[in-house]
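The next block holds one structure in the form of structure tokens; read it before the comments.
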Amino acid sequence: QVQLVESGGGLVQAGGSLRLSCAASGRTFSSYGMGWFRQAPGKEREFVAAITRSGGTTNYADSVQGRFTISRVNAKNTVFLQMNSLKPEETAVYYCAATVFYSGSYRPNDYNYWGQGTQVTVSS
């Protein structure tokens, strides 16, 4: 089992940047595929980005491709999401998630463990 704790959320103006971090407990972090999802009020949780166990392959939602970057440092049990050129419509709670079997997946149901989320608010 793994526990995930996100940090780095906050208030930023449109066009600005934020870097989210997700710290994982345990000694088997490198055995999990990792993903970032977000959920705005009244909307379903949506895929943002995913990274495979080794970090060799990444996957992005079309809406964030070219602006967001997911990365991981297995030695530090941490996954990051660098977000640039943020838009007001990207205001949401951002969640980190870990998957045992579906590394790189965009489907929320493929993920076994979730963090508590961190709020990102983008002002116009």
Do S103 and R53 come within less than 4.5 Å of each other through their side chains, counting heavy atoms only?
-> yes

Salt-bridge contact E90-R67 (side-chain N to carboxylate O under 4.0 Å) | yes

For N74 and S30, does a side-chain donor sit closer than 3.5 Å to a side-chain acceptor?
-> no

Side-chain contact, heavy-atom cut-off 4.5 Å: F29 with T78?
-> no

Going by heavy atoms in the side chains, are V120 and T91 under 4.5 Å from each other?
-> no

Flag yes if more than 12 heavy atoms outside Y113 fall under 6.0 Å of its OH atom; otherwise flag no.
-> yes

Any luck finding a side-chain donor-acceptor pair between D110 and T99 under 3.5 Å?
-> no

Do you know the tightest heavy-atom contact between A24 and L4?
-> CB-CD2, 3.7 Å

Apply ring pair (Phe, Tyr, Trp, His ring centres under 6.0 Å) to F47 and F37, showing your working.
-> CA-CA 5 Å; F47 170 72; F37 294 79; 5.7 Å; yes

Below 4.5 Å, heavy atoms only, C-beta onward: do T57 and I51 meet side chain to side chain?
-> no

Heavy-atom check, side chain of R72 versus side chain of F80, under 4.5 Å | no

Nearest heavy-atom contact between A49 and Y60 is CB-CD2, 3.6 Å

Test item: E6 side-chain N/O and G117 main-chain N/O as donor-acceptor pair under 3.5 Å = yes

Does any N or O in the side chain of T118 come within less than 3.5 Å of the main-chain N or O of Y94, such that one atom is a donor and the other an acceptor?
-> no

Does Y95 reach the side chain of Q39, with side-chain heavy atoms less than 4.5 Å apart?
-> yes

Can you check whether M34 reaches C96 side chain to side chain, under 4.5 Å on heavy atoms?
-> yes

Residue pair R38 / W36, side-chain heavy-atom distance below 4.5 Å = no

Report, as yes or no, whether the 6.0 Å neighbourhood of atom CD on E46 holds more than 12 heavy atoms from other residues, nucleotides or ligands.
-> yes

Main-chain N/O of S105 paired to Y111 side chain as donor or acceptor, under 3.5 Å | yes

